[in-house]
> 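I have a structure I would like to understand better, so I am pasting it below and will then ask my questions one at a time.
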Amino acid sequence: MKTIELFKDSLSYPSKDVDKLLTLGVLFFFDAIISLLPSLTTALGYGLLTQILYFISNIIGIFIVLIAVGYLISIIKGTIDGNVDIPSIRIIKNLSDGIKVFIISIAYYLIPAIVVLIVAYLIGAYSIISQIFASFFYFGIEASIPSYFMVENIPNIVIIPIIATILLIISTLFLVIAIARFADSGNIKDGLNFKLVFSDIVKISWGKYILLLLILFFILLFILFVGFIISIIPFLGMIILFLVILPFMTIFYGRSIGLIYKKI
């Protein structure tokens with residue numbers, strides 16, 4: 001499948017079953033409504049109730065995110081198997097898959113995180129940051145940090161986010177295929193098999209794979225931008241965002257990853 005055909009298929013796929021698109025949207029919209037409840041109780045001055053609702057809304061939010069991620073896995077799986085129909089949401093199955101994806105994600109991001117922390121320690125970033133915070137603490141937020149201090153330490157401060165960003169991008173490139181491998185087999189071990197993940201990317205070819213992900217990223221960015229513009233519309237805009245735009249992006253993304261993985 002050519003690149004244009006791949007994304008043309010992915011963009012048209014969510015509209016093949018509007019009912020399932022809206023079902024996912026209801027899930028997102030419910031999460032949005034629940035997350036607003038603590039703000040209402042805060043405005044009414046119910047402190048204890050606000051804390052309870054914050055806790056409950058966070059728990060519900062985590063569950064919904066895991067279900068959505070698990071549903072994404074079912075879309076990728078269906079695409080790899082050649083199914084043209086959008087799968088139905090299966091709460092327990094999707095939740096289980098979502099938890100497994102979370103575990104896989106931790107495995108792929110853990111080493112880069114450790115590397116960043118070690119580098120930060122070796123170049124003295126923790127000491128630099130503590131000195132900056134100490135300056136603000138003792139002299140106030142309006143205090144100016146000595147220019148010589150900034151000149152001496154800017155390279156060390158800047159290098160950490162640069163290294164973190166590079167490692168994040170590299171880890172994500174592997175994680176995308178790892179998740180697709182898991183979706184294909186249903187076995188978490190296949191997603192954690194770094195050697196086979198690397199081999200799969202080589203089969204696609206690094207250049208083509210990165211190009212496809214870049215195109216996917218910019219399409220998602222454009223859809224999100226459109227969603228942001230629509231969300232400005234009072235009341236109705238937010239409903240459209242959660243009921244249509246976000247589920248559309250989720251289904252489109254899952255379909256795209258499944259089709260990319262099928263190139264192996």
> Please determine whether the number of non-hydrogen atoms from other residues, nucleotides or ligands lying under 6.0 Å from atom CD1 of Ile229 exceeds 12.
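More than 12 heavy atoms, drawn from other residues, nucleotides or ligands, come within 6.0 Å of this atom.
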
> By ring pair (Phe, Tyr, Trp, His ring centres under 6.0 Å), which residues pair with Phe228, not counting sequence neighbours?
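Testing Phe228 for ring pair (Phe, Tyr, Trp, His ring centres under 6.0 Å), a comparison that skips the adjacent residues, returns none.
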
> Do Phe252 and Leu216 make a side-chain contact, defined as non-hydrogen atoms from C-beta onward lying under 4.5 Å apart?
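Sidechains of Leu216 and Phe252: in contact.
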
> Salt-bridged, Asp9 to Arg255, with N to O below 4.0 Å?
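A salt bridge links Asp9 with Arg255.
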
> For the CD1 atom of Ile34 and the CG atom of Leu53, what is their distance to the nearest 0.5 Å?
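Answer rounded to 0.5 Å: 8.5 Å.
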
> Using atom types as modelled and distance alone, determine if a side-chain donor or acceptor of Tyr13 lies under 3.5 Å from a backbone N or O of Gly254.
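No, the answer is negative, given that no donor and acceptor are paired below the 3.5 Å cut-off.
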
> If every non-hydrogen atom of Leu192 is compared with every non-hydrogen atom of Ala107, which pair is closest and at what distance?
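Heavy atoms of Leu192 and Ala107 come nearest at CD2-CB, 3.5 Å.
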
> Could you walk me through whether Asp97 and Ser74 satisfy the side-chain contact (heavy atoms from CB on, under 4.5 Å) test, starting with their C-alpha distance in whole Å, then the side-chain angles of each, then the deciding distance to 0.1 Å, before giving a yes or no?
CA-CA 9 Å; Asp97 286 342; Ser74 65; 5.8 Å; no

> Go through the steps for Thr23 and Leu27 under the test side-chain contact (heavy atoms from CB on, under 4.5 Å), then give the verdict.
CA-CA 7 Å; Thr23 300; Leu27 201 63; over 6 Å; no

> Are Val84 and Phe7 in one and the same hydrophobic cluster, where Ile, Leu, Val, Met, Phe, Trp and Tyr link if side-chain heavy atoms are under 4.5 Å apart?
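No, no single cluster joins them.
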
> Check whether any side-chain heavy atom of Tyr209 sits under 4.5 Å from a side-chain heavy atom of Ile177, and report yes or no.
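Side-chain contact under 4.5 Å: yes.
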
> Taking atom CD1 of Ile92 as the centre, report whether more than 12 heavy atoms of other residues, nucleotides or ligands fall under 6.0 Å from it.
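Not buried by this count: 12 neighbours or fewer within 6.0 Å.
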
> Out of curiosity, Ser199 OG to Ile204 CD1, how far, rounded to the nearest 0.5 Å?
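The CD1 atom of Ile204 is 10.0 Å from OG of Ser199, to the nearest 0.5 Å.
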
> Looking at side-chain heavy atoms only, is the closest gap between Ile89 and Ile91 below 4.5 Å?
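Yes, their side chains come closer than 4.5 Å.
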
> Output, in order, the C-alpha distance, side-chain angles, deciding distance and verdict of side-chain contact (heavy atoms from CB on, under 4.5 Å) for Asp190 and Phe182.
CA-CA 6 Å; Asp190 287 324; Phe182 163 65; 5.8 Å; no

> Just grab all the side-chain hydrogen bond (donor to acceptor under 3.5 Å, both in side chains) pairs involving residues 101-115, residues at least two apart or on different chains.
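Applying side-chain hydrogen bond (donor to acceptor under 3.5 Å, both in side chains) to every pair that reaches into residues 101-115, excluding sequence neighbours, yields Tyr109-Thr172.
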
> Is there side-chain contact between Tyr253 and Val176, with heavy atoms separated by less than 4.5 Å?
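Side chain of Tyr253 against side chain of Val176, heavy atoms only: contact under 4.5 Å found.
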
> Rounded to the nearest 0.5 Å, what's the gap from CG on Leu224 to CG on Leu220? Could you check?
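The CG atom of Leu224 sits 8.5 Å away from the CG atom of Leu220.
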
> When you measure from the side chain of Ser205 to the backbone of Ile201, do you find a donor-acceptor pair of N or O atoms at a distance under 3.5 Å?
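Judged by distance alone, no pair lies under 3.5 Å.
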
> Testing the basics here: between Gly258 and Ile80, what is the closest heavy-atom pair and its distance to 0.1 Å?
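Closest approach of Gly258 to Ile80: O-CG1, 3.9 Å.
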
> Between Phe194 and Phe174, is the gap from one ring center to the other below 6.0 Å?
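So the answer is yes for these two rings.
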
> State, yes or no, whether a side-chain contact exists between Pro87 and Ile75 at a heavy-atom distance under 4.5 Å.
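A side-chain contact exists here, since the closest heavy-atom pair is under 4.5 Å.
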
> Determine the minimum heavy-atom distance between Ala178 and Ile104, stating which atoms define it.
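Heavy-atom minimum between the residues: CB-CG2, 4.2 Å.
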
> Counting only heavy atoms not in Ile4, do more than 12 fall under 6.0 Å of its CD1?
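No, not enclosed.
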
> For Gly191 and Val197, which heavy atoms make the closest approach, and how far apart are they?
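Reported closest heavy-atom pair: O-CG2, 4.1 Å.
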
> Please tell me whether Ile232 and Phe225 are part of a single hydrophobic cluster in this structure, the criterion being side-chain heavy atoms less than 4.5 Å apart.
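Same cluster: Ile232 reaches Phe225 through Ile, Leu, Val, Met, Phe, Trp or Tyr contacts under 4.5 Å.
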
> With the 4.5 Å side-chain cut-off for hydrophobic clustering, are Ile106 and Val69 part of the same group?
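Yes; Val69 is reachable from Ile106 via cluster members.
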
> So, Ser96 side chain and Lys93 main chain: donor-acceptor pair closer than 3.5 Å or not?
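No; zero donor-acceptor contacts below 3.5 Å.
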
> Measure the shortest side-chain to side-chain distance between Val115 and Leu167 over non-hydrogen atoms and say whether it is less than 4.5 angstrom.
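Counting from C-beta outward, Val115 and Leu167 do come under 4.5 Å.
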
> Decide yes or no for Leu241 and Phe29: does some side-chain heavy atom of the first lie under 4.5 Å from some side-chain heavy atom of the second?
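No. Closest side-chain heavy atoms not under 4.5 Å.
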
> Under 4.5 Å between side-chain heavy atoms, hopping through other hydrophobics if needed: is there a path connecting Phe198 to Leu196?
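As far as the 4.5 Å side-chain criterion goes, Leu196 and Phe198 are not connected within one cluster.
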
> Of all the heavy-atom pairs spanning Lys20 and Ser88, show the shortest one and how long it is.
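Minimum heavy-atom separation between Lys20 and Ser88: CE-OG, 3.4 Å.
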
> With side-chain contact (heavy atoms from CB on, under 4.5 Å) as the test, pick out the partner of Asp31 among Leu246, Ile64, Val26, Ile62.
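The side-chain contact (heavy atoms from CB on, under 4.5 Å) with Asp31 is passed solely by Ile64 among Leu246, Ile64, Val26, Ile62.
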
> Can you see which heavy atom on Ile257 is nearest to which on Ala180, and at what distance?
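Heavy atoms of Ile257 and Ala180 come nearest at CG2-CB, 4.1 Å.
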
> Could you go through Arg181 and Asp200, starting from their C-alpha distance and side-chain angles, then the distance that decides it, and tell me whether this counts as salt bridge (charged side-chain N to carboxylate O under 4.0 Å, His left out)?
CA-CA 9 Å; Arg181 283 188 60 82; Asp200 286 344; 2.7 Å; yes

> Taking atom NZ of Lys262 and atom CD1 of Ile76, what is their separation to the nearest 0.5 Å?
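These two atoms lie 13.5 Å from each other.
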
> Would you give the length of the straight line joining atom CG of Leu95 to atom CD1 of Ile67, rounded to the nearest 0.5 angstrom?
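The CG atom of Leu95 sits 5.5 Å away from the CD1 atom of Ile67.
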
> Are Leu21 and Ser15 side-chain neighbours, meaning at least one heavy-atom pair lies under 4.5 Å?
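When only atoms from C-beta onward are counted, Ser15 and Leu21 do not touch, as no gap falls below 4.5 Å.
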
> Using 0.5 Å steps for rounding, measure from the CD1 atom of Ile73 to the CG atom of Asp184.
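With rounding to 0.5 Å, CD1 (Ile73) is 11.0 Å from CG (Asp184).
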
> Can you confirm whether more than 12 heavy atoms, excluding those of Lys189, are under 6.0 Å from its NZ atom?
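Counting other residues, nucleotides and ligands, NZ of Lys189 stays at 12 neighbours or fewer.
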
